[in-house]
Protein chains: 2
Amino acid sequence: MPEENLLSLNLGALSAAERFEIIHDEIRRRICFLIYPPGSPLSETALASEFGVSRTPIRSVLAQLEAEGLIETHHGAATRVTYIEIQTLRDEYELRMNLAELAGSMGLLPATQNHISDLEDICEELTKFRKNPTSLGYAQINLRFHNVILGRVRNPSLRTLIDRMYFRTSRLWVEKIPHVDWDNEITNFINQVRLMAEMFKTNDDRGSGILQRHIIYTSLLRFVDYGDEEEVAPLKSSYRGSQA
Amino acid sequence: MPEENLLSLNLGALSAAERFEIIHDEIRRRICFLIYPPGSPLSETALASEFGVSRTPIRSVLAQLEAEGLIETHHGAATRVTYIEIQTLRDEYELRMNLAELAGSMGLLPATQNHISDLEDICEELTKFRKNPTSLGYAQINLRFHNVILGRVRNPSLRTLIDRMYFRTSRLWVEKIPHVDWDNEITNFINQVRLMAEMFKTNDDRGSGILQRHIIYTSLLRFVDYGDEEEVAPLKSSYRGSQA
DNA sequence: AGATATCGCGTTGTACACAAGAACGCCAAG
DNA sequence: CTTGGCGTTCTTGTGTACAACGCGATATCT
């Protein structure tokens with residue numbers, strides 16, 4: 001259990017901000033990976049005792065997560081992980097797609113060897129992953145890919161926005177994964193990652209952005225194909241790049 | 001003093017979330033209008049007694065404002081309103097410009113008569129304002145204009161992002177205003193608002209977005225013309241609209 | 001039996017006392 | 001006079017008890 005590690009780490013003379021970040025990221029991770037699925041209750045006292053702190057810092061973390069739209073608190077009633085309506089989901093995916101393209105258009109940080117080998121690692125892991133695919137494992141790989149992309153976004157504020165939006169929506173398709181054709185899914189993803197690596201090598205920023213836009217679109221399609229709603233109008237492409 | 005009103009309102013049986021929003025918006029307003037200029041200290045106990053609550057809800061508001069990038073807290077040292085470096089400022093303006101254009105491209109809510117008369121009100125106020133211009137008054141009118149534009153952004157998440165980014169940067173040019181040629185400034189702004197009203201009437205969403213992008217660019221120019229840094233490279237236009 | 005009121009329990013929000021930490025002033029040494 | 005160390009005093013972070021509130025079970029009335 002990773003909780004024990006966290007507990008001991010927290011006691012180990014960390015600053016308040018570091019503790020906050022660790023607890024925040026851990027709870028966010030659990031929400032993202034559906035360890036806390038939508039609608040499940042979060043007890044402040046339980047989290048407090050688990051992380052070895054009082055309710056106060058936990059409450060501060062939960063307030064932040066509420067501001068990020070991941071949980072909802074009601075006085076007297078339990079704090080719960082948020083659901084999201086299909087319309088909101090489409091809106092947020094549309095925005096994520098446009099932000100991805102925008103990030104490419106505004107210019108990326110130069111691709112380093114680290115970035116490229118990270119992508120190759122992901123490809124390799126995906127290949128091994130094919131033999132024993134799980135929802136959680138796939139979500140973890142997806143997060144790794146997201147972080148690699150995120151690391152190249154030049155504009156700091158945009159980087160934060162893209163990260164926030166990722167966590168607002170990413171947790172939702174994880175529960176759709178059981179209905180997905182694994183072989184097809186993994187093959188597509190590998191191809192996309194390989195293409196992204198090529199674009200990294202050639203520093204094609206706008207191309208990377210447009211590809212990332214398409215990858216997010218692919219993610220959205222899971223809801224269209226297998227989702228609760230059968231009919232989803234294709235999102236119009238808001239921007240068409242026309243510069244060199 | 002508006003503080004007295006707030007105090008009595010707070011006691012008046014409001015829910016926790018409402019109190020939070022009132023206090024948050026009030027402190028944010030003071031930061032935005034330079035009542036709390038960058039670098040000035042914020043005392044939790046002072047704010048607590050002013051709003052008639054304990055430190056706990058104040059701390060929750062300040063944590064939110066810190067997440068929004070408006071203040072900085074350090075253990076032991078005073079909480080202070082953040083400064084912003086010129087490079088960060090340029091990055092955030094560039095992002096704001098692109099988000100404005102994006103909002104138009106993604107489609108606006110239909111313009112109502114309310115929107116248009118709001119803009120006409122702003123024009124009228126600007127005309128009267130010409131006789132006795134003040135930094136605070138101009139900042140207030142600018143905020144009103146921002147809110148009118150914001151009200152037409154269709155995508156809820158994008159609306160929130162644009163609002164956040166506005167408050168991150170808007171407070172900074174207010175202190176530059178004393179060096180501005182008022183007559184020229186107001187004339188330009190009136191023309192821009194009138195043109196925006198025309199675009200509202202004809203429901204030219206993309207046009208509105210591009211105009212808003214230009215308005216933000218105009219705001220950025222204040223730093224270039226009168227700012228600390230004499231040389232600022234013109235921001236490249238990331239997107240060029242090419243659709244109908 | 002069904003519906004409704006009421007009480008108990010658990011939860012979140014608030015207030016306050018205390019701990020941890022940093023800035024400022026003071027004092028002494030060089 | 002300058003400078004370095006130190007302590008006071010203020011700040012923010014934490015823990016804890018209590019208040020406000022919602023939900024569910026239970027009992028009672030129709």
Side-chain angles (χ1 to χ4, degrees), chain A residues 6-27 31 36 38-83, chain B residues 6-27 31 36 38-83:
Chain A
L6 286 165
L7 199 150
S8 56
L9 276 174
N10 283 338
L11 298 178
L14 278 80
S15 78
E18 291 168 323
R19 260 195 305 244
F20 180 95
E21 190 180 352
I22 288 177
I23 297 175
H24 171 274
D25 288 359
E26 173 59 20
I27 297 178
I31 294 174
Y36 299 148
S40 66
L42 298 186
S43 166
E44 295 180 354
T45 56
L47 290 169
S49 68
E50 180 190 340
F51 287 98
V53 294
S54 79
R55 277 181 57 213
T56 308
I58 296 292
R59 280 182 60 75
S60 139
V61 168
L62 293 183
Q64 172 70 21
L65 290 170
E66 185 177 22
E68 295 171 11
L70 297 182
I71 63 176
E72 270 179 348
T73 64
H74 299 287
H75 189 181
T79 301
R80 292 181 182 280
V81 180
T82 51
Y83 291 98
Chain B
L6 286 165
L7 199 151
S8 57
L9 276 174
N10 283 340
L11 298 179
L14 278 79
S15 79
E18 291 169 322
R19 261 194 304 244
F20 180 95
E21 191 180 352
I22 287 177
I23 297 175
H24 171 273
D25 288 359
E26 172 59 21
I27 297 178
I31 294 173
Y36 299 148
S40 66
L42 299 187
S43 165
E44 294 179 354
T45 55
L47 290 169
S49 68
E50 180 190 340
F51 286 98
V53 294
S54 79
R55 276 180 56 212
T56 307
I58 296 291
R59 279 183 60 75
S60 136
V61 167
L62 293 184
Q64 172 70 21
L65 290 170
E66 185 179 21
E68 296 171 11
L70 298 182
I71 63 176
E72 271 179 348
T73 64
H74 299 288
H75 190 181
T79 300
R80 292 183 183 278
V81 179
T82 52
Y83 291 99

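Chain naming here is simple, since letters A, B, ... match the order of the sequence lines and numbering starts at 1 in each.
- Listed pair B:S60 / C:dG13 fails the phosphate criterion, with no side-chain N or O lying under 4.0 Å from OP1 or OP2.
- Using a 4.0 Å cut-off, some side-chain N or O of A:R19 falls inside it from OP1 or OP2 of D:dT14.
- Regarding contacts with the backbone of C:dG13, a side-chain N or O of A:R59 is found under 4.0 angstrom from either OP1 or OP2.
- Nucleic acid contact for B:L42: sugar-phosphate only, since backbone atoms but no base atoms lie under 4.0 Å from a heavy atom of the residue.
- The CD-C1' distance, from A:E44 to D:dC21, rounds to 14 Å in whole Å.
- B:H24 and B:V61 make their closest contact through CA-CG1, 3.6 Å (heavy atoms, listed as atom of the first residue, atom of the second, distance).
- Of the candidate nucleotides C:dG13, C:dA15, D:dT11, D:dT11 has the atom lying nearest to any side-chain atom of B:S43.
- To the nearest 0.5 Å, atom NE2 of residue B:H74 and atom OG of residue A:S15 are 11.5 Å apart.
- One can place CZ of A:R55 at 8 Å from C1' of C:dG13, the figure rounded to the nearest angstrom.
- Here the P atom of nucleotide D:dT12 and the CG atom of B:L65 are 14 Å apart, to the nearest Å.
- Side-chain N or O atoms of B:R80 include one that pairs as donor or acceptor with a backbone N or O of B:G39 at under 3.5 Å.
- Toward the 5' end of DNA chain D, the nearer of the two residues A:G76 and B:A77, judged by each one's closest nucleotide, is B:A77.
- Regarding B:I58, its CD1 atom lies at a distance of 14 Å from the C1' atom of C:dG13, rounded to whole Å.
- In this structure, B:I22 places its CD1 atom 16 Å from C1' of C:dG13, rounding to the nearest Å.
- Counting to the nearest Å, the C1' atom of C:dG21 and the CG atom of A:L14 are 16 Å from each other.
- Rounded to an integer number of Å, the gap from B:R80 CZ to C:dA22 C1' is 11 Å.
- Distances shorter than 4.0 Å separate none of the side-chain N or O atoms of B:T56 from OP1 or OP2 on C:dT14.
- In this structure, the CD1 atom of A:I23 is 12 Å from the C1' atom of D:dT14, given to the nearest Å.
- Of the candidate nucleotides C:dT11, D:dT14, D:dA20, D:dA20 has the atom lying nearest to any side-chain atom of A:H75.
- Between A:T79 and C:dT12 there is a side-chain polar atom (N or O) within less than 4.0 angstrom of OP1 or OP2.
- When every heavy atom of A:L62 is checked against every heavy atom of A:I71, the shortest pair comes out as O-CD1, 3.3 Å.
- What you find for A:G69 and A:T82 is that their closest heavy atoms are O-OG1, 3.0 Å.
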